[in-house]
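The structure appears right after this line, and notes come after that.
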Amino acid sequence: MNLFASSIVMTLLMLTMPIILTSASTHKNKFYPQYVKTTISHAFMISTIPMMMFLYSGQEMIISNWHWMTIQTLKLTLSFKLDYFSMIFMPVALFVTWSIMEFSIWYMHTDPNINRFFKYLLMFLITMMILVTANNLFQLFVGWEGVGIMSFLLIGWWYGRTDANTAALQAVLYNRIGDVGFIMAMAWFLLNTNAWDFQQIFAIKHDNLNIPLAGLLLAATGKSAQFGLHPWLPSAMEGPTPVSALLHSSTMVVAGVFLLIRFHPLMEHNKTIQTAALCLGAMTTLFTAACALTQNDIKKIIAFSTSSQLGLMIVTIGINQPYLAFLHICTHAFFKAMLFMCSGSIIHSLNNEQDIRKMGGLFKALPLTTTALIIGTLALTGMPFLTGFYSKDLIIETANTSYTNAWALLTTLIATSMTAAYSTRIVFFALLGQPRFNPAIVINENNPLLINSIKRLLLGSIFAGYLISHNITPTSIPQMTMPYYLKMTALAVTMLGFILALELNSTMQGLKFNYPQSPFKFSNQLGYFPIIIHRLLPTMGLSMSQKMASMLLDMIWLENVLPKSISYFQMKSSITVSNQKGLIKLYFLSFMITLALSFFVLNFHG
Amino acid sequence: MPVVYVNIFLAFIVSLMGLLIYRSHLMSSLLCLEGMMLSLFVMLTVTVLNNHFTLANMAPIILLVFAACEAALGLSLLVMVSNTYGTDYVQNLNLLQC
């Protein structure tokens, strides 16, 4: 038991060491990136000790360190919950981060601020660890906001570029909308259960949990880029490739799904929220997969692929399978990070070319990258017995055999086939065929930093699924028997997607590109969602506020209703009524003459 | 009829003449209006005090109040005219002339 606690504390403390040492100006050192990388690799190795202890004996632990404050009846402490989810996620995240750090030493080699880059990546990792190991909602919120801030700083890394600043701002705004849901859930829990600790929340019998769970679903929509709050994820590709690999594929965007998984004891009895999650996830996965089909930027295609897989995770939560969703988080981290790293290798070799229409013929020129890309693609689409198979195929089987919404199921299957289609598109355009890039560049991948990091994730992509799923404790019972056709559904639609995409791509190879039709334009412009929402809503808001403040309040109520209307009315009516012309002296004179005349007549008569 | 009443009545008539016949300044008309009011006040006070109409002792004060209001109103109209035209010549009030 002592080893458990001390290993965890050592892991978490080791991660904070390079940040703390900035006060000793270690961060101006030339070898700071290597130092950070070795710190993370050592932290990974130490964190495997508690994981293996957990897998062997099922021991979980809650470390409650420091009592921060008590606000009337709410006690805020610093406490770490080390259970199934955090114990398995920590080594996975640290492993992937280790590889990404090594990769980014090579990728950001010529950047003058590389030390700051590594510091930011490390701070992101620390806040992600805080999020994952949090035992109360307050600490989780600290981690939640932390990853949001680091995402902002890292997306806008090249801040001289307008698009990068816009994308960073977009990420922060969309995450903020999700945070409203999080805070609503926190407030509800504070009001109704008087606690922000998971243990106390799960122990109380609640009547109607729709409000906080809807808030948490909104938070997951914001952070995990579900439909409605999704445009920030493809825009976040403005950041450097290591940022995309770490944040927007493996760790940050799964924070929303992780939050919903943490609350699975509450969600498993609430059919409403499960259905909402199911429909939301199905909508997301179909929409983003459809958008990915016609994109031309390799990083954007992979970003949409991430978004589609996140939708699949939310669908899994919607069919009440939190453990399967968690398994998919862990396996997805491996091959998605590797896909991003391969695309980074291609981009760097082709002298910062990101458009797949200008790539090609890299099959023989970048053999390791090609291998990794193809294996990552196969793992993503759920090729049997690679990593993705163990989670994705199980998810689709469970969805097929559960009592669920047929429309959601159908859209998930269509999205699965689209996954295969756009993955084939990446492979076809980037690797196969004749080169379409500028020939005057040097393509090589003989840097050991690049090779080792990709190789490590490659081994992970192939074997991690098997290793993880055969060593974890059995949780929810998978469906054992199902008809033959249901079992083969996932494989069949994937094959369909592959073959269709391959056929279409090779047939259209030499033909003229004619003017795009409506479905193409819909898919290429991301469903017109960013164009409509980013312009329409602010315009409506600003014009309505101007009309209300300036026209309605000032000009109408304060000016026109009483003062000006009275004067206007009086003037109009006086002009209408009076038939006089002003000659005052004449009127006074006639008055006097009348008086004098009447005086004389009435006095001196008779 | 006692002489004082005739006196005051004559003062009233003179002020009335002044109100109705004036050359150009609107101000003189307003001043004569004040004169009329003054003569009425004095007549009312003398009558009430000589005949011991105790219950009517308030009447002059009330008359004074109303006269003050009307004077203020007249002055405000004068000021409006003066603001627009710069002087209070009565020949300026000719907007409704055809």
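Model, not experiment: these values are computed from the prediction. Below, read A as the first sequence line, B as the second, and so on, with proteins coming before strands; counting in each chain starts at 1.
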- Item | Closest approach of A:Phe591 to B:Leu20 (non-hydrogen atoms, all atoms of both residues) | CD2-CD2, 3.4 Å
- Query: Which value, rounded to the nearest 0.5 Å, describes the distance between A:Ile593 atom CD1 and B:Ile21 atom CD1?
  - Reply: 8.0 Å
- Item | Contact summary for A:Lys585 and B:Arg23, nearest pair of heavy atoms | NZ-O, 2.5 Å
- Look at atom CD1 of A:Ile211 and say whether more than 12 heavy atoms of other residues, nucleotides or ligands are closer to it than 6.0 Å. no
- Contact part of B:Leu16 toward chain A, heavy-atom cut-off under 4.5 Å: side chain, backbone, both or neither? side chain
- For atom CZ of A:Phe569, decide whether the heavy atoms of other residues, nucleotides or ligands shown that lie under 6.0 angstrom number more than 12. no
- Taking everything shown except A:Met551 itself, do over 12 heavy atoms lie less than 6.0 Å from its CE? no
- Crowding at CG, A:Leu537 (>12 non-hydrogen neighbours, <6.0 Å): yes
